[in-house]
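Counting begins at 1 with the first residue of the sequence.
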Amino acid sequence: MTSFGLATALAIIASTPVFSSNAPVSAPSDEQLEVEAPELEWSDEGFSLMTGIAPGTTFGPRSFNPMVHYSAELGMRWERGETRLSIGAEGSLLQILEAKAPGGGVHGVLSVSGDHAYARAGLGVAAGIPGRHDDTDRSSARSAGVGLGLERVENEIRGRTGLDDNLSVDKASRVNNAVFLVLRLRFG
């Protein structure tokens with residue numbers, strides 16, 4: 001292409017309304033700029049019941065205590081899109097292997113889940129958990145727990161599997177840490 005041809009092509013392009021400074025320019029209207037995002041609101045899903053079983057163990061400074069944790073949680077559920085929130089009270093029974101009597105506890109639990117994962121946290125009280133390896137050395141305790149895991153929904157039943165960590169401190173300020181492999185089913 002010669003310099004004359006290039007100059008002619010540039011002159012033609014510069015005189016088109018798209019590139020011309022004399023071309024009228026209009027700003028987009030407010031209607032064109034608005035993007036309608038779908039409004040998602042929390043929907044009340046009512047009451048739900050969750051039951052679970054969890055093998056686990058406590059870890060002490062010189063020992064561990066294998067146990068099985070049975071639980072039942074009654075609470076309220078809300079949903080917003082793929083996000084689910086539940087708040088409830090969980091009662092639990094702890095059968096420590098080789099122990100004569102079971103332990104137990106009550107916790108307030110908050111659980112959040114979405115897609116295929118969940119997280120939960122709870123605060124409460126527990127009794128009958130050994131402070132040491134000696135089975136007779138039991139006391140009541142304040143306890144807190146957290147859990148993470150996977151969730152699957154089939155019809156109206158939710159199945160969960162994950163890990164829970166429960167930390168308790170008894171009257172004598174002894175700390176007990178328990179870890180559980182959790183299997184839970186939620187109805188409703």
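Proximity of K171 to S140: side-chain heavy atoms (C-beta onward) are separated by under 4.5 Å at one or more points. Residues L94 and P102 are not in side-chain contact: their nearest non-hydrogen atoms beyond the backbone lie 4.5 Å or more apart. Looking at N177 and N166, their side chains never come closer than 4.5 Å, going by heavy atoms from C-beta outward. Residues S111 and R160 meet the side-chain proximity criterion, which asks for heavy atoms closer than 4.5 Å.
Side-chain contact annotation: R158 with S86, donor-acceptor N/O pair under 3.5 Å absent. In the model, H107 has no side-chain atom that pairs as donor or acceptor with a side-chain atom of S92 under 3.5 Å.
A continuous path of Ile, Leu, Val, Met, Phe, Trp and Tyr side chains, each step under 4.5 Å between heavy atoms, connects V112 with F47, placing both in one hydrophobic cluster.
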Which pairs of donor and acceptor atoms, one on a side chain in residues 114-129, lie under 3.5 Å apart (sequence neighbours left out)?
from : atom 1 : to   : atom 2 : distance (Å)
R120 : NH1    : D164 : OD2    : 3.4
R120 : NH2    : E73  : OE1    : 3.0
R120 : NH2    : E90  : OE2    : 3.4

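Annotation: side-chain contact (heavy atoms from CB on, under 4.5 Å) contacts of I157 (sequence neighbours excluded): L185, F187. For L110, the side-chain contact (heavy atoms from CB on, under 4.5 Å) partners are L85, I87, not counting sequence neighbours. Evaluation of the side-chain hydrogen bond (donor to acceptor under 3.5 Å, both in side chains) rule for E82 yields no partner, not counting sequence neighbours.
When T57, L97, T58 are each tested for a side-chain contact (heavy atoms from CB on, under 4.5 Å) with M67, only one passes: T58.
Counting only residues at least two apart or on different chains, the ring-ring contact (aromatic ring centres under 6.0 Å, His included) pairs with a member in residues 67-103 are H69-F180.
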**Request:** Determine, stepwise, if the pair L148 / L163 fulfils side-chain contact (heavy atoms from CB on, under 4.5 Å).
**Result:** CA-CA 6 Å; L148 296 171; L163 290 174; over 6 Å; no
**Asked** side-chain contact (heavy atoms from CB on, under 4.5 Å) between S48 and M76: does it pass, once the steps are laid out?
**Response** CA-CA 6 Å; S48 67; M76 297 284 296; over 6 Å; no
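L183 contributes atom CG, which lies 4.5 Å from atom OG1 of T161 (distance to the nearest 0.5 angstrom). The OG atom of S113 sits 11.5 Å away from the CG atom of L150 when rounded to the nearest 0.5 Å.
Hydrophobic clustering, defined by side-chain heavy atoms of Ile, Leu, Val, Met, Phe, Trp and Tyr closer than 4.5 Å, leaves L74 isolated from every other such residue.
For the pair S168 (side chain) and R142 (backbone), a donor-acceptor distance under 3.5 Å is absent.
Between E45 and R186, no side-chain nitrogen of the basic residue sits less than 4.0 Å from a carboxylate oxygen of the acidic one, so the salt-bridge criterion is not met. Comment: E151 does not engage R184 in a salt bridge, judged by the lack of any side-chain N to carboxylate O separation of less than 4.0 angstrom.
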